[in-house]
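What follows is a short report on a single structure.
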Amino acid sequence: MIHALRGMKDLIFDDARRYEYIIQTLSRIARNYGFEYIETPILEETRLFKRSVGESSDIVGKEMYQFTDKGGNDVCLRPEGTAGVVRAFVQAKLDRQQGQKYRFFYHGPMFRYERPQKGRLREFHQFGVESFGEKSVEEDFTLIVMLAEIFEALGIRTRVKINSLGCTVCMPPYRQRLVGYLEAIAQELCPDCQRRIATNPIRVLDCKNEQCQNLLEEAPKLSQELCEECDRDFTRLQKLLTDAGIAYEVDTHLVRGLDYYSGAAFEFVSDEIGAQSAVAGGGRYDRLVEFLEGRPTPGVGFAIGIERIMELVRMPQERREGWYLGAMTPEALDRLLPLARQLRRSHRVVVEYAPKGLKAHLKGADKANARYCAVIGEEELSKEHIWIKDLEAREEKTVPLKELEEIEAQ
RNA sequence: GUGGGUAUAGCUCAGUUGGUUAGAGCGCCAGAUUGUGGCUCUGGAGGUCGUGGGUUCGAGACCCAUUACCCACCCCA
């Protein structure tokens, strides 16, 4: 038997319904917040991600599905969604519309060659939004509010963590101070952290090693060394969240894993899904458009991991819907087919082609989750009638075929 | 890449210290008088016990290898 590749799953039955419901719900909310749909290619040039996500990240360093296509291009399956949307933004020359705001939402598959575990697949799906041209911290606030609304709508309990990653003014000096501190205690840090001092010192902060965490308690904190502007924004963000009644925790160790983040960073976590607890993450990336050769344009966005919230979603109760049509004789089937075609203009219709007894048809209609079971038997056929039962109300009636056709044609 | 766990029916799992024709529940199919679903009852189909070796008179059980899946580390949504 040919099996799906490791870390790749079919969405079928309940999973498919949940996926569809999630996408519909999130799309609706995104539109209410002024975002519009964008779709970008799943395959992109590798250098897009090297420049945006960053070569020092594991994602680009060792997790990409990368290959050379038949034209000799170095390409890869997208490992995340932001880079493609920013590329599309620059390619459409929207960066030339200074002062304009653009807001997009997207959803679709992402690929990372990792060892699968709970909440982590090689092909997984994200729903994300990207907002361009809005520098105000109110936009950061609005995205967090939006996420809160999303998880509330889906019936998922989450905790909100926020942090500020600083800007070009305050981050570089902080980074230097941090490196100085880390070098002094380097021998006591785990091997990974020792390596990170050179490659990406900020990420030492969210090392999961307990000994490292203890050593880091005395480390300089960016939150205390933010420049005036960043500090003002971060304080304002906290005030807005408090006023809006959104509980949050400031997590100075919250470091987004991708290089393009700056300024506000946030993460929504769930305590009900195992080790991979981050269900959504995002933040500001005011320099990313420049990295991709666009004119400087502020940006902020987030992404939600669909698979991570799938089992948590509270689905609305499913109701019986549409029609089941069945015939008790071969001749009766000939009358059913045109009727099905008519009904399908506006209703869900399932047709059973095999002639069967009434009981079998009722069972079939029940299994098909149809609201109405309509059957033509010998009796009905001779009078040009059709027998209809409402499976929910348990009421039945026999009406002329013509009547049903006319009513449903509207 | 590293570590741990699990592989028996379509699904969830039982299978005692190795011992005859490998079981249950759910699901599926067919019936319970001739045209009435969900509930109940009866019957039925369906398994080379992940794969390959080995130990043994005898292996679903024990040993080795291999593959797949799951969980955790790493990293991230």
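Within every chain, numbering begins at 1; the chains are lettered A, B, ... in the order of the sequence lines, protein sequences first and strands thereafter.
Note on A/G357: nothing from the nucleic acid sits closer than 4.0 angstrom, heavy atoms only. Contacts of A/G274 with the nucleic acid, taken as non-hydrogen atoms under 4.0 Å apart, involve only primed sugar atoms and P, OP1 or OP2. Among the atoms of the strands shown, only primed sugar atoms or phosphate atoms (P, OP1, OP2) are found under 4.0 Å from some heavy atom of A/A278. As judged by a 4.0 angstrom heavy-atom cut-off over every strand, A/E395 is placed among residues making no nucleic acid contact.
Judged by the 6.0 Å and 45° rule, A/R157 forms no cation-pi pair with A/F151.
Across B/G60 and B/G15, the matching C1' atoms stand 8 Å from one another, rounded to whole Å. As rounded to the nearest Å, B/A14 and B/G58 have C1' atoms that lie 23 Å from one another. For the C1' atom pair drawn from B/U48 and B/U8, the interatomic distance equals 12 Å after rounding to whole Å. To the nearest whole angstrom, the two P atoms, one in B/C74 and one in B/U6, are 24 Å apart. Taking atom C1' in both B/U20 and B/C57, the straight-line distance is 14 Å, to the nearest Å. Spacing between B/C26 and B/A65 at atom C1', rounded to whole Å, works out to 36 Å. Atom P of B/G5 sits at a distance of 41 Å from the matching atom of B/C29, rounded to the whole Å. When the C1' atom is used for both B/U33 and B/U16, the distance is 48 Å, rounded to whole Å.
Positionally, the nearest nucleotide of RNA chain B for A/H3 lies more toward the 5' end than for the other of A/H3 and A/F268. Taking for each of A/R115 and A/E80 the nucleotide of RNA chain B with the nearest heavy atom, the 5'-most of the two is the partner of A/R115.
If you take CZ of A/F49 and P of B/A77, they are 13 Å apart, rounded to a whole angstrom. The distance from atom CG of A/L77 to atom P of B/A77 is 18 Å, rounded to the nearest whole Å. We find that NZ of A/K9 is positioned 13 Å from C1' of B/A68, with the value rounded to whole Å. In this structure, A/F266 atom CZ and B/A77 atom P are separated by 11 Å, rounded to whole Å. Separating the CZ atom of A/F151 from the P atom of B/A77 is a distance of 13 Å, rounded to the nearest angstrom. If you take CD1 of A/I22 and C1' of B/A77, they are 13 Å apart, rounded to a whole angstrom. Rounded to a whole Å, the CD atom of A/E63 is 10 Å from the P atom of B/A77. Atom-to-atom, CD1 of A/I388 to C1' of B/G35 comes out at 16 Å; the value is rounded to the nearest Å.
Checking side-chain atoms of A/D231 against main-chain N and O of A/L226 turns up no donor-acceptor pair under 3.5 Å. Counting only distance, with no hydrogens or angles, the side chain of A/E80 and the backbone of A/T82 share a donor-acceptor pair below 3.5 Å. With hydrogens and angles disregarded, no donor-acceptor distance shorter than 3.5 Å links the side chain of A/R112 to the backbone of A/E63. Distance alone, capped at 3.5 Å, is enough to place a donor-acceptor pair between the A/E380 side chain and the A/G377 backbone. For the pair A/R308 (side chain) and A/G119 (backbone), a donor-acceptor distance under 3.5 Å is present. Judged by distance alone, with hydrogens and angles left aside, the side-chain atoms of A/T46 form a donor-acceptor pair with the main-chain N or O of A/D74 at under 3.5 Å.
By the side chain to side chain donor-acceptor pair (under 3.5 Å) test, A/D15 is found to be paired with no residue, residues two or more places apart in sequence or in another chain being considered. Residues passing the side chain to side chain contact (heavy atoms under 4.5 Å, CB included) test with A/F291, sequence neighbours excluded: A/R287, A/L288.
Remark: A/Q276 is not in phosphate contact with B/C74, judged by side-chain N or O atoms under 4.0 Å from OP1 or OP2. In terms of phosphate contacts, A/K356 brings no side-chain nitrogen or oxygen within less than 4.0 Å of OP1 or OP2 of B/C29. Taking side-chain N and O atoms only, A/Q117 has a distance below 4.0 Å to OP1 or OP2 of B/C73. Contact between the side-chain N/O atoms of A/K397 and the OP1/OP2 oxygens of B/U36 is not found at any separation under 4.0 Å.
Applying the salt bridge (charged side-chain N to carboxylate O under 4.0 Å, His left out) test to every pair with at least one member in residues 20-39 of chain A, sequence neighbours left out, gives no pairs at all.
For A/E152, the CD atom counts as loosely surrounded, since its 6.0 Å shell holds 12 or fewer non-hydrogen atoms of other residues, nucleotides or ligands.
For A/E114, the listed nucleotide lying nearest its side chain is B/A77; candidates were B/G37, B/A77, B/C71. Here B/C28 is the nucleotide among B/C28, B/G37, B/C73 with the atom lying nearest to any side-chain atom of A/K367. Here the nucleotide nearest the side chain of A/L358, chosen from B/C73, B/U36, B/C70, is B/U36. The A/E379 side chain lies nearest to B/G35 when the options are B/U36, B/G35, B/C70.
Aromatic ring centres of A/Y372 and A/Y324: separated by at least 6.0 Å.
Screening A/V86, A/L94, A/T40 for a side-chain contact (heavy atoms from CB on, under 4.5 Å) with A/F104, the sole residue that qualifies is A/L94.
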Requested in this report: Kindly express the pairing pattern of RNA chain B in dot-bracket notation, using | wherever a base pairs with another strand and counting only Watson-Crick or G-U pairs under 3.5 Å.
Outcome: (((((((..((((.....[...)))).(((((.......))))).....(((((..]....))))))))))))....

Got a list of protein N/O to nucleotides 65-67 of chain B N/O distances below 3.5 Å?
none

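Between the base of B/U36 and the side chain of A/K359 there is no donor-acceptor pair shorter than 3.5 Å.
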**Report entry** Sugar-phosphate or base contact per nucleotide [nucleotides 38-49 of chain B; S, B, -; heavy atom under 4.0 Å]
**Finding:** B-----------

**Report entry** Evaluation steps, side-chain hydrogen bond (donor to acceptor under 3.5 Å, both in side chains), between A/Y181 and A/E218
**Finding:** CA-CA 9 Å; A/Y181 177 85; A/E218 301 292 313; 6.0 Å; no

